[in-house]
2 protein chains.
Amino acid sequence: MQHQKLATIEDVAALAGVSIATVSRAINEPTKVADETRRKVNEAIARTGYTTNAMARSLRMRRSNMILILAPDVGDPNFSNILVGLETEASKRGYGVLIGNTQNDATRETDYLRFISSNQADGLILFTGHLPYGFGQDGAEGRLPPMVAVNEPVPNAEVPFVGVDNFEGARIATEHLISQGHRRIAFVGRSQGREVNRLREEGYRKALAGAGIVIDPRLIIDGDGTTESGRAAAELMFVRDALPTAFFCVNDATALGIIISLNARRYDLPRQFSIMGFDDISFSSFVTPSLTTMKQPRHKIGEAAMELLLALLAGEKPREQQVLLRAELIVRNSVTRVG
Amino acid sequence: MQHQKLATIEDVAALAGVSIATVSRAINEPTKVADETRRKVNEAIARTGYTTNAMARSLRMRRSNMILILAPDVGDPNFSNILVGLETEASKRGYGVLIGNTQNDATRETDYLRFISSNQADGLILFTGHLPYGFGQDGAEGRLPPMVAVNEPVPNAEVPFVGVDNFEGARIATEHLISQGHRRIAFVGRSQGREVNRLREEGYRKALAGAGIVIDPRLIIDGDGTTESGRAAAELMFVRDALPTAFFCVNDATALGIIISLNARRYDLPRQFSIMGFDDISFSSFVTPSLTTMKQPRHKIGEAAMELLLALLAGEKPREQQVLLRAELIVRNSVTRVG
DNA sequence: ATGAATGATGTAAAGGTTTACATATAGGCA
DNA sequence: TGCCTATATGTAAACCTTTACATCATTCAT
């Protein structure tokens, strides 16, 4: 049941009739070893079933080939697809991926840093939008491990960011609505604290300004990006009695709330209202009407972020402080021509 | 930018004026050390900012306090919530969680075993429904690490399983439909290979048999559990011209396909057809009509699985070969009384 | 023929713990 | 007092690599 005693490099060396240094070299720098010797070593490895003990290697080399991923919510639909990209790239480069689910809990965030300080992870991917609680506290700024922010940038800290170009994406989305003849376009999901929301709102404003459309302030509605907030926003619009012809929602979850609310009020969508989302999460294609939205290249984001982090680990300096990838317009059925 | 040279146990020992053995004991077996000494050591630890080097510890102790999770698809909605449970429990017990996304690719599965064989992980959680390719191949059965299957049991292998009671859940779901007056109840999602589908079908049959209802074989439809298969199934029913009054779907994704298809055909749901799902994935509450379904206790499943695995690691023998948790009936709007 | 340069391999240290065993001190009991 | 036990601490080995440095053999240029 328990592991058998595993073969070590010494067993291989003995069987191959060479020293352990030669075995190590045959494995890690094959060119530095004579062909014949390499053959013998490989045969001995095959015979003994030897695998290098990663702990011993890490101890000696002072790196673990592990990356810690800190995410506030592993269940977030945005998270999992980016994770696939991260994991794919890491795996390709021989790195493993460690998950820390912080739930925005300061204690847990701090706790996970033990992986860094105990050398169990070499670098950090941050989904949280802020430095882990407990970092840079005691003026130990210099101690920050290599890290890359994903999904949400980290304000006021020099952490490279990889993500979608929210501003540009929002601009394209809004321009699409304008191109369909809409002039009264609501923005659902304004939020003070959230950088992502702010950027998307700016892209929206930019597009309207570009088309010479003046914004009715009653069409800008607060929201935290949840489906529930979308629902509430729609209801608020009816109370205000200031209706748009189209809704640009800060994300798909919000858009879904709008759709549910309008469907419940028996409006005929998209004939009476157009709805545009952002993110392209999985069920956006299943809802009725199916959601026209901006697709985040999540897999690519994950790959690019991991690539950047590994470059950082290799000692390279990042060329840009942020890498922005383009969102893609996905035309489905929730947006239609008006007027 | 790079890590400073970190404090080691020797630094602490020197500062506290004791030997490294005493420091180690003060940390790991505090009772074995005199109060006064412990105090000095703790102070030295605080002053130096010492953290145990996990690599050295793992090397020495021959275990890494890491668990490898092998999943075919990290994006699967079932996966992420179970993961949260797994991670929570692991974290509570001082274990870390390593993610391997196999995509059902044999090469990748085998590749991830390096974490096991190189001592980087002590145990294994399997979402894949089968042993990793490459295991038990060379008759090295005895080498299998402690592992627990989740979500899908592993056939023909002595791997403890933690999951929802599919049979019982399906029975309850079907009985609910019967209690609402349905007699012609379709089963959507029969599948040869899949254990989960088979169990849910059996539960369905059991409930019908219990109510003395004879099954019209035209109401049993194949499906692989995707939304697309649900759609196809609905269309097939219309072709066969053998319609049920209710659909029991093998999972929510399938149910969603049914709903989309029926909505597209302009049926009035749930008045004309009732639909019952299984799983309770996130958007089931958002679709129209919102889906009545069986909720999997995913968080609990994760916790229970990790608990079991850690017990195995501690050398305990599992009491049961499988732990089945009850699914909970979630009544929403897609099922209504008939006749 | 000599010396230098190149290439292949070996020796041994270092990386930071845990822990079996040894030692030292104190306390209890005859 | 002398001996045994219990308690607290120290010494040093072991865990398994990687790699700087040393050694040795071979080749090549002079």
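Residue numbers begin at 1 in each chain, while the letters A, B, ... track the order of the sequences.
We find that CD of A/Glu36 is positioned 14 Å from C1' of C/dT9, with the value rounded to whole Å. At whole-Å resolution of the value, CZ in B/Arg63 and P in C/dT17 are 16 Å apart. Separating the CG atom of B/Leu6 from the P atom of C/dG15 is a distance of 13 Å, rounded to the nearest angstrom. For B/Asp11 and C/dT17, the CG to P distance is 9 Å, given to the nearest whole Å. In this entry the distance linking NZ of B/Lys32 with C1' of C/dT18 reads 12 Å, nearest Å. Going from atom CG of A/Asn119 over to atom C1' of C/dG16 covers 10 Å, rounded to whole Å. Taking atom CZ of residue A/Arg25 and atom C1' of nucleotide C/dA12, one finds them 13 Å apart after rounding to whole Å. What separates CD of A/Glu10 from C1' of D/dT17 is a distance of 10 Å, to the nearest Å.
Nucleic acid contact class of A/Thr51 (heavy atoms, under 4.0 Å, all strands): sugar-phosphate only. Within 4.0 Å (heavy atoms only), B/Thr8 reaches sugar-phosphate atoms of the nucleic acid but no base atom. At the heavy-atom level, A/Arg62 lies under 4.0 Å from the strands shown only through sugar-phosphate atoms. Among the protein residues, A/Ala34 comes within range of the sugar-phosphate backbone only, with heavy atoms under 4.0 Å from sugar or phosphate atoms but none that close to a base.
Nearest to the side-chain atoms of A/Leu59 among the listed nucleotides C/dG16, C/dT17, C/dT9 stands C/dG16. Closest to the A/Ile20 side chain, of the nucleotides D/dT18, C/dT17, C/dG15, is D/dT18. When the nucleotides D/dT17, C/dG16, D/dT11 are ranked by their closest atom to the side chain of B/Ala21, D/dT11 comes out on top.
Along DNA chain D, the nucleotide nearest to A/Asn53 and the one nearest to B/Val33 differ in position, and the one closer to the 5' end is contacted by B/Val33.
For the pair A/Asn28 and D/dT18, the criterion of a side-chain N or O lying under 4.0 Å from OP1 or OP2 is met. Phosphate contact (OP1/OP2 of C/dT17, side-chain N/O of B/Ser24, threshold under 4.0 Å): absent. For the OP1/OP2 pair of D/dT9 and a distance below 4.0 Å, the side-chain nitrogens and oxygens of B/Thr37 include at least one atom meeting the criterion. Between B/Thr52 and C/dT17 there is no side-chain polar atom (N or O) within less than 4.0 angstrom of OP1 or OP2. Using a 4.0 Å cut-off, no side-chain N or O of B/Thr22 falls inside it from OP1 or OP2 of D/dT9.
Using a distance-only test at 3.5 Å, with no hydrogens or angles considered, a donor-acceptor pair links the side chain of A/Ser58 to the main chain of A/Arg63. Here the side chain of B/Asp11 pairs a donor or acceptor atom with the backbone of B/Thr8 at under 3.5 angstrom.
How far CD1 of B/Ile301 is from CD of B/Gln296: 4.5 Å, rounded to the nearest 0.5 Å.
A salt bridge does not link A/Lys300 with A/Glu303: every distance from a Lys NZ or Arg NE/NH1/NH2 to an Asp or Glu carboxylate oxygen is 4.0 Å or more. Salt bridge annotation for A/Asp111-A/Arg108: absent, with no cationic side-chain nitrogen under 4.0 angstrom from a carboxylate oxygen. Ion pairing between A/Lys40 and A/Glu36 fails under the 4.0 Å rule for side-chain N and carboxylate O.
A donor N or O paired with an acceptor N or O is not found under 3.5 Å between the base of C/dT17 and the side-chain atoms of B/Arg60.
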